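Okay, structure first, notes after.
Please read all numbers here as calculations on a predicted model, not as lab measurements. Nothing fancy with the numbering, it's 1 onward along the sequence.
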Amino acid sequence: MNKKAKKKDAKLFGVRRGVVLIALLAVIVMVINLVSASYSWFTPQSDTKQGMKYNFDGKIRSENCTMSTYTGIKVTASNRQSGEYVDQLRYNTNAASGTMSISAGQTKYFKTEILNADTKNASDISLYIPSISGKFTLAVTYPGNTVRKFSSNQTDLYIVRDAYVKQKDEADVNGPGMLEIEWFITAQTATSFNVSDLYLLYN
């Protein structure tokens, strides 16, 4: 056998090996497809001990609040009553209503009591007044401690924003479901507003 014939046989042997290898790979792929078709790894299973559960954890606010506003005076040595001390505030027991007029240089004190009647849910509120006329300083002493000065008539005025009102609990010695907002106005010029126009916004 000459060299030319040997080269030809070697070339044919290499081609045959390639064909056999391709055929073998085709058989393997076919077997895998048949096995996958007959048995799926994703066959649904059932287990009575496991499952999905939706748990709603949203918080519901109370919108069952009422409020009353009371005027107060500062206790002095001349008007002090038994059990009081100088510079404390004494609030009227009757709720205020109608127009509050404050003369220039005068300070008027207020306490707004907000009561939540909901025994399950607390709330967040803002105390709002549509208008106050005059040049004045508005201060909130509780909750928080803010002072704002206004040099002209004001509209759409928030006295307090985002104040927390707890849920009603009769065992609460601090007042069941009560938030007290203590604030005052010092007038630079004659100032007035209608206390009956105060209202709550739920946040």
Show your reasoning for whether side chain to side chain donor-acceptor pair (under 3.5 Å) applies to Y128 and D156. CA-CA 7 Å; Y128 172 88; D156 299 328; 2.3 Å; yes

Assigning hydrophobic clusters by single linkage (Ile, Leu, Val, Met, Phe, Trp, Tyr; side-chain heavy-atom cutoff under 4.5 Å), is [X] placed with [Y]?
| X | Y | answer |
| --- | --- | --- |
| Y109 | L198 | no |
| Y91 | I185 | no |
| L89 | V75 | no |

Check this for me: does any side-chain nitrogen of one of D172 and K166 sit under 4.0 Å from a carboxylate oxygen of the other? yes

Could you state the interatomic distance from [atom1] ([X]) to [atom2] ([Y]), rounded to the nearest 0.5 Å?
| X | Y | atom1 | atom2 | value |
| --- | --- | --- | --- | --- |
| E182 | T141 | CD | OG1 | 5.0 Å |
| L138 | L157 | CG | CG | 6.0 Å |
| T69 | M100 | OG1 | CE | 9.0 Å |
| K74 | R80 | NZ | CZ | 15.5 Å |

I114 vs I125 side-chain heavy atoms within contact, under 4.5 Å: yes

[X] and [Y]: which non-hydrogen atoms are nearest, and at how many Å?
| X | Y | answer |
| --- | --- | --- |
| Y158 | R148 | O-NH2, 2.8 Å |
| I102 | K108 | CD1-CB, 3.8 Å |
| N153 | G134 | OD1-N, 2.6 Å |

Let me know which of S133, S131, S101 forms a side chain to side chain donor-acceptor pair (under 3.5 Å) with S192. S133

Backbone of F136 reached by a side-chain donor or acceptor of Q188 within 3.5 Å: yes

Less than 3.5 Å apart, any donor N or O on the side chain of [X] or [Y] sitting next to an acceptor on the other?
| X | Y | result |
| --- | --- | --- |
| T112 | W183 | yes |
| N64 | D118 | no |
| T186 | T107 | yes |
| N194 | T99 | no |

Tell me whether the centres of the aromatic rings in F110 and F193 are closer together than 6.0 Å. yes

Intermediate values then yes/no, side chain to side chain donor-acceptor pair (under 3.5 Å), S62 and N116: CA-CA 7 Å; S62 166; N116 182 10; 2.7 Å; yes

Under the ring-ring contact (aromatic ring centres under 6.0 Å, His included) test, which residues partner Y202, sequence neighbours left out? none

